[in-house]
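Presented below is the structure to which this report refers.
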Amino acid sequence: MEIKKLIKKTLVSACVIFTIVTACYMLVLQIINISDESAAVEAGRVLLFFVFSLLLAIANALLSIKSLHAAIRYLAHYVIATFGFWACFCLPNAMDAAKTLVGIVLFTVGYAIVMGIYALIKNKIKKVVTNEEKYIPF
């Protein structure tokens, strides 16, 4: 994949992730019933959402680089995603070490669930494409 397409794909992905992260944050605020005056999201927090989204999009772009070994791609994805979570959510909230550790552990559990689902879907798609290729009459 050429660099220009990779950058464009990464930026589009970052914008999609940003929208999802911001919507989820606002949904959580509505669920815990924050008053309307305090529900406004500060500009700094929104910027951190975008930084996190950009880091996650870069990590996702690494997954598409087939020249890297799969273990390196997935390890780099996990490290970048975890760093993004720590830098954009734990650090700005001035969490102590115990809360940060709990946050990272919960993030890791969520990450494992999401990546497990991703791997299952990817595997199913690969099997379907492989099976269809076997029956092409040429």
Side-chain angles (χ1 to χ4, degrees):
M1 182 181 292
E2 66 182 64
I3 298 295
K4 188 175 179 180
K5 284 184 180 178
L6 186 62
I7 291 172
K8 183 178 177 182
K9 180 181 175 184
T10 302
L11 288 175
V12 168
S13 178
C15 291
V16 170
I17 294 168
F18 171 75
T19 302
I20 292 169
V21 168
T22 305
C24 288
Y25 180 76
M26 295 306 288
L27 182 64
V28 167
L29 287 180
Q30 289 297 321
I31 289 172
I32 61 174
N33 214 6
I34 299 290
S35 67
D36 287 337
E37 298 87 37
S38 64
V41 180
E42 309 88 33
R45 187 168 308 264
V46 172
L47 183 60
L48 286 173
F49 289 170
F50 187 71
V51 170
F52 174 72
S53 301
L54 192 57
L55 286 170
L56 202 52
I58 290 169
N60 290 342
L62 283 176
L63 286 178
S64 67
I65 300 174
K66 300 298 181 193
S67 60
L68 292 175
H69 190 275
I72 293 172
R73 288 184 300 183
Y74 284 101
L75 181 63
H77 187 275
Y78 170 73
V79 169
I80 292 170
T82 304
F83 171 77
F85 174 78
W86 173 76
C88 297
F89 294 103
C90 296
L91 204 58
N93 290 325
M95 296 169 66
D96 61 5
K99 289 180 182 176
T100 300
L101 182 61
V102 169
I104 290 174
V105 167
L106 290 174
F107 177 80
T108 300
V109 169
Y111 178 88
I113 292 169
V114 169
M115 289 305 285
I117 293 169
Y118 169 79
L120 287 173
I121 292 171
K122 186 175 176 182
N123 190 24
K124 283 284 190 190
I125 291 172
K126 187 175 180 180
K127 282 183 182 179
V128 168
V129 169
T130 304
N131 287 340
E132 286 179 3
E133 288 175 356
K134 288 180 183 178
Y135 299 110
I136 296 176
F138 284 96

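Every residue meeting the side chain to side chain contact (heavy atoms under 4.5 Å, CB included) condition with Ser53, not counting sequence neighbours, appears here in chain and number order: Ile17, Phe18, Val21.
Atom CG of Leu106 is separated from atom CG of Leu101 by 9.5 Å, given to the nearest 0.5 angstrom. Rounded to the nearest 0.5 angstrom, Thr10 OG1 and Lys8 NZ are separated by 12.0 Å. Expressed to the nearest 0.5 Å, how far NE2 of His69 lies from CG of Leu75 amounts to 12.0 Å. Once rounded to the nearest 0.5 Å, the distance linking CE of Met26 with SG of Cys24 reads 12.0 Å.
Following chains of ILVMFWY side-chain contacts shorter than 4.5 Å, one cannot reach Leu27 starting from Leu48, and the two form parts of different hydrophobic clusters. A single hydrophobic cluster is not seen to contain both Ile65 and Ile72; linkage of ILVMFWY side chains at heavy-atom distances under 4.5 Å, directly or through other members, places them apart. Hydrophobic clustering of Ile, Leu, Val, Met, Phe, Trp and Tyr side chains at less than 4.5 Å, counting indirect connections, unites Leu91 with Leu55. In the hydrophobic clustering of this structure, Val12 does not group with Ile3; members are Ile, Leu, Val, Met, Phe, Trp, Tyr whose side-chain heavy atoms approach within less than 4.5 Å, directly or through other members. By the criterion of side-chain heavy atoms lying less than 4.5 angstrom apart, applied directly or through intervening Ile, Leu, Val, Met, Phe, Trp or Tyr residues, Phe83 is grouped together with Phe89 in one hydrophobic cluster.
At a threshold of 4.5 Å between non-hydrogen side-chain atoms, the residues Phe52 and Trp86 do not count as touching. The shortest side-chain heavy-atom distance between Arg73 and Leu62 does not fall under the 4.5 Å cut-off. The side-chain heavy atoms of Lys122 and Leu63, taken from C-beta on, include no pair separated by under 4.5 Å. With a 4.5 Å cut-off on side-chain heavy atoms, Val46 and Thr22 do not count as touching.
Taking each heavy atom of Ala14 and Ala57 in turn, the nearest pair found is N-CB, 3.5 Å.
The list of side chain to side chain donor-acceptor pair (under 3.5 Å) pairs with a residue in residues 93-112, not counting sequence neighbours, reads His77-Tyr111, Tyr78-Thr108.
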message: Applying side-chain contact (heavy atoms from CB on, under 4.5 Å) to Leu54 and Leu11, what does each step give before you reach the verdict?
response: CA-CA 7 Å; Leu54 192 57; Leu11 288 175; 4.0 Å; yes
